[in-house]
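To start, the structure under review is shown below, and the notes come after it.
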Protein chains: 2
Amino acid sequence: MDHQAAGTRKDRGAVKADEVKVDLIAVVVAVNDSEPCVLTIGQADTLPSGPFALEHRSPQSGLRGWVEQQTGHPLGYIEQLYTFADRDRIGAARQQRVISISYLALTRKEQAAGSPKCGWQSWYEYFPWEDHRSGTPPVVLDVLRPRLIEWADGASDAATRRERRQRAAIAFGFDDRHWNEELTLQRYELVYEAGLVQEAGSRRDATPPPLVAGKFMVADHRRIVATSIARLRSKIKYRPVVFELMPPVFTLLQLQRTVEALSGRLINKPNFRRLIEQQELVEKTGETTAETGGRPAQLYRFRHAILDERPVAGTKLPLTRA
Amino acid sequence: MDHQAAGTRKDRGAVKADEVKVDLIAVVVAVNDSEPCVLTIGQADTLPSGPFALEHRSPQSGLRGWVEQQTGHPLGYIEQLYTFADRDRIGAARQQRVISISYLALTRKEQAAGSPKCGWQSWYEYFPWEDHRSGTPPVVLDVLRPRLIEWADGASDAATRRERRQRAAIAFGFDDRHWNEELTLQRYELVYEAGLVQEAGSRRDATPPPLVAGKFMVADHRRIVATSIARLRSKIKYRPVVFELMPPVFTLLQLQRTVEALSGRLINKPNFRRLIEQQELVEKTGETTAETGGRPAQLYRFRHAILDERPVAGTKLPLTRA
DNA sequence: AGAACTTATAATCATGTAGACTATAACTGG
DNA sequence: CCAGTTATAGTCTACATGATTATAAGTTCT
């Protein structure tokens, strides 16, 4: 990341009172072939970003510029995610403050754009424990659970030990609890605190990291992606944002697969259809498609008009009960 | 990207690359005597705020400092609200960028603190159309509706006219629609666009503002408060944050009145009790209170333990159906 | 062509919960 | 003692949701 080193180096002579640098950082999400992906640059370990400059009218417009320049991808839907501004968040403690205003953007892949140094990476390469579409992934019970328990028991006092076990149990659904897909950030924080991800390594020098769970990302980018996942998994339930990720025309199963990809769990098919249809979020195009074998499916499109009719309630997820 | 061209005027001598000012700004909320209030300084038109300085470890800690210094009030619960960073947001177009990271804080009044130049102001002085506890307030039908229709019909093309009417109808529940208490921000934006609030005045010089709805606030502080209200009204439904506003011990009716104050609408009493009790959010202290006449009520306290047991689902609001 | 398989679509059933409403209990103030 | 106020319990109903089954309409393989 070149624009964080730049500031410190140049200003060696004159130290400004408020040495602040404001970055815009984008988590661009698309769902490609039922796989939720994030757009990266570099070694697939960096999110698109750039300094917030005076010529930008708004952070959103600045962000669009940076992403398009770095990845060739134009952005549609954008929402502010969080502003990260803690001092030592970049690792080494510098005298310069870095503030990152992060945004969540939703798009679709296609758009040609075999751009230079960028690519789509599945969420689940960074967070292998988050994909429960084929049941609980092995890494949870085989690796994370023992390691988290080990970490919990490593605390000096009994209160902390119990508290850590509790947190882990709630976040990961241990001890007959249910998996809650929205707790992505809490899970990442646990895994981080327990020293099970690479970026946490620098904190404790003596920690032998025999396990590194999930692919690495630069600085705190992985935390930012975790924040995005949590936000998106929550938001699809009360706002119709999934459609930002869909092609103009789609089948109900494709829509379902997309929601499943995002939430990381399976949905009951008839119930999903019922919900979608009775909410009048979509309308038939009248045409059908015969792809993927089986009975041809009706094609639907998103009813943009719905947004003018009432405050829409988004895609409820018929998820399995207890 | 050369962001040095922009910073021209002030920096005649030493041209700084990014002339940025980062402010922390707090919306401190408490509910006093069933009235939701926000903490202000100055002429009750300014939110506590201050520059984000290098010595602050995190924006949260910086904010605590500023608020305590300006109002004498220590803060408990804090959550980030939004980062405002558009160029011309402060009114006069300056060559300097102002970024405001805003936070929502929840407290209780008491705490002694007859501090210098600060005070609690009811939300509804700034947003008189938001309080529906005694039915739809007159200002909505008598004033806002005609003025908004007027504004809508003032658009040049038919499409815009229809769109404006639609937005107003949805936001304010005209034409037999239901009032949705969470649309506070949309409502403020409409009222602002229609030129019905003082702070919108400067935009159009020729606008004769015969009506100024609600009390004025400096810069875009009123928008920030509107954002807070919307966030809080939404959040109490899925997270148990109301208890941050309650004294350690309270009756169920007091709790209900607090929720009603925040949401701006009345709640069915037996249903509210049922929800609260079956969620195990509270527990009886065993004592009763005889205040306010009538049968003495059980006193309850918040079960903090619930937070360690499961991802709590907050206070569902039994609001009137269609 | 027929069998086996895949996907689409309709319909049913059972359960739980939310909203509306009624009734009774226990206190205060005149 | 009566009127008024608040607390608390309980009931009834409509509806939404999760689970399940059945049927329709294609494809692919043999």
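The sequence lines fix the lettering, A, B, ..., with proteins before strands; numbering per chain opens at 1. Note: hydrogens, waters and symmetry copies are ignored here, and every other heavy atom, side chains too, is used.
Taking 4.5 Å as the limit, some side-chain heavy atom of A:V29 sits within range of a side-chain heavy atom of A:V27.
Using a 4.0 Å cut-off between a side-chain N of Lys or Arg and a carboxylate O of Asp or Glu, B:E181 and B:K237 qualify as a salt bridge. At a threshold of 4.0 Å, the pair A:K215-A:E125 counts as salt-bridged, since one of the basic side-chain nitrogens sits closer than that to a carboxylate oxygen. With salt bridges taken as basic N to acidic carboxylate O contacts below 4.0 Å, one links A:E130 and A:R187.
If you measure from atom CZ of A:F250 to atom C1' of C:dA8, you get 16 Å, rounded to the nearest angstrom. In this structure, B:I276 places its CD1 atom 14 Å from C1' of C:dA18, rounding to the nearest Å. Look at CG on A:L255: it is 16 Å from C1' on C:dT7, rounded to the nearest Å. If you measure from atom CG of A:L252 to atom C1' of C:dA8, you get 9 Å, rounded to the nearest angstrom. One interatomic measurement links the two molecules: CD of B:Q254 to C1' of D:dT6, which rounds to 12 Å at whole-angstrom precision. Rounded to whole Å, the distance from CD on B:E287 to C1' on C:dC27 is 18 Å. Between B:N268 atom CG and D:dG10 atom C1' the separation is 13 Å, expressed in whole Å. For the pair A:Q298 CD and D:dA24 P, the interatomic distance rounds to 17 Å; values are reported in whole Å.
To the nearest 0.5 Å, atom SG of residue B:C37 and atom CG of residue B:N32 are 4.5 Å apart.
Contact annotation for A:L253: backbone-only contact, meaning every heavy-atom pair under 4.0 Å involves sugar-phosphate atoms and none involves a base.
The listed nucleotides are D:dA25, D:dT8, D:dT17; the one nearest the side chain of A:P296 is D:dA25.
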Every protein N/O within reach of nucleotides 10-12 of chain C N/O, cut-off under 3.5 Å:
none

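Contact annotation: B:K269 reaches the phosphate of D:dA7 (side-chain N/O to OP1 or OP2, under 4.0 Å). Between C:dG16 and B:Q278, no contact under 4.0 Å exists linking OP1 or OP2 to a side-chain N or O.
Both tests hold for B:R145 against B:F174: distance to the six-membered ring centre under 6.0 Å, angle to the ring axis within 45°.
In terms of heavy-atom proximity, B:L262 sits nearest to B:W123 at O-CZ3, 3.3 Å.
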